[in-house]
Amino acid sequence: QVQLEESGGGAVQAGGSLRLSCVASGRTFSDYAMGWFRQAPGKEREFVSAISWSGKGTYYAGSVKGRFDISRDNAKNTIYLQMNSPTPEDTAVYYCARDKGRRSYYIDSYYLSPHNYAYWGQGTQVTVSS
């Protein structure tokens, strides 16, 4: 069973920065694409960003593109989400997730659906104040 654990959330002022981390258990971390999603109160879970298993492909929601940066460190079984210039609209619980398919190639839209991810972390709260 794969376990994912997010960290790095907290309170930040608009225009600041925050880096989220997600550590995965298991020995095949490098074979899977990983994603970040978020859920604000009263809203559905939405895609934020994803990175392919090779690390060569990165994908972003339009609302965060140019502000957030996703990366992975396979030696540490960890992905990161660097959040720059956050706004109060970025306030949410952030979840990391692992893809269902091993060493798979997809069209860009594949990464947007939470249904394509098999494992999820418990989430970390990010609160951005104005």
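If you read the sequence from its start, that first residue is 1, and numbering goes on from there.
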**Asked** Please, which pairs that meet salt bridge (charged side-chain N to carboxylate O under 4.0 Å, His left out) have at least one residue in residues 109-130, sequence neighbours excluded?
**Response** none
**Item:** Main-chain N/O of R102 paired to S104 side chain as donor or acceptor, under 3.5 Å
**Value:** yes
**Message:** Tell me whether Y59 shares a hydrophobic cluster with I79, the cluster being built from Ile, Leu, Val, Met, Phe, Trp, Tyr side chains joined at under 4.5 Å.
**Reply:** no
**Request:** Could you go through the side chain to side chain contact (heavy atoms under 4.5 Å, CB included) check for Y111 and S49 one step at a time?
**Result:** CA-CA 8 Å; Y111 296 97; S49 182; over 6 Å; no
**Prompt:** Any ring pair (Phe, Tyr, Trp, His ring centres under 6.0 Å) pairs touching residues 73-105, not counting sequence neighbours?
**Reply:** W53-Y105
**Request:** To the nearest 0.5 Å, tell me how far K65 NZ sits from T58 OG1.
**Result:** 8.5 Å
**Request:** Rounded to the nearest 0.5 Å, what's the gap from CG on D73 to OG on S71? Could you check?
**Result:** 8.0 Å
**Asked** Would you say L81 and F68 make side-chain contact, with heavy atoms under 4.5 Å?
**Response** yes
**Request:** Report yes or no: does D69 contribute a side-chain atom to a donor-acceptor pair with the main-chain N or O of M83 at less than 3.5 Å?
**Result:** no
**Request:** Not counting sequence neighbours, list each pair that qualifies as a side-chain hydrogen bond (donor to acceptor under 3.5 Å, both in side chains) and has a residue in residues 114-126.
**Result:** Q125-T127
**Complete:** For residues 76-101, the salt bridge (charged side-chain N to carboxylate O under 4.0 Å, His left out) pairs (sequence neighbours left out) are R38-D90, R67-D90
**Asked** How would you list all residue pairs meeting disulfide (SG to SG under 2.5 Å) that involve residues 5-111, not counting sequence neighbours?
**Response** C22-C96
**Asked** Pairs in or reaching into residues 7-30: which pass side-chain hydrogen bond (donor to acceptor under 3.5 Å, both in side chains), with residues at least two apart or in two chains?
**Response** none
**Request:** Starting at CZ of R72, measure out to CD1 of I51 and round the result to the nearest 0.5 Å.
**Result:** 6.0 Å
**Joint cluster assignment, M34 & L112, ILVMFWY side-chain distance < 4.5 Å** = no
**Message:** Would a single hydrophobic cluster contain both W36 and F47, if residues Ile, Leu, Val, Met, Phe, Trp and Tyr are joined by side-chain heavy-atom contacts under 4.5 Å?
**Reply:** no
**Item:** Main-chain N/O of P88 paired with T91 side-chain donor or acceptor, under 3.5 Å
**Value:** yes
**Prompt:** Are V2 and V23 connected in the hydrophobic side-chain network, where two residues link if heavy atoms are under 4.5 Å apart?
**Reply:** no
**Message:** Could you see if V48 belongs to whatever hydrophobic cluster contains Y110? Use Ile, Leu, Val, Met, Phe, Trp, Tyr and a side-chain cutoff under 4.5 Å.
**Reply:** no
**Minimal non-hydrogen separation, L4 against A24, with atom names** = CD2-CB, 3.4 Å
**Item:** Point-to-point distance, once rounded to the nearest 0.5 Å, from CG of L20 to CD of Q82
**Value:** 9.0 Å
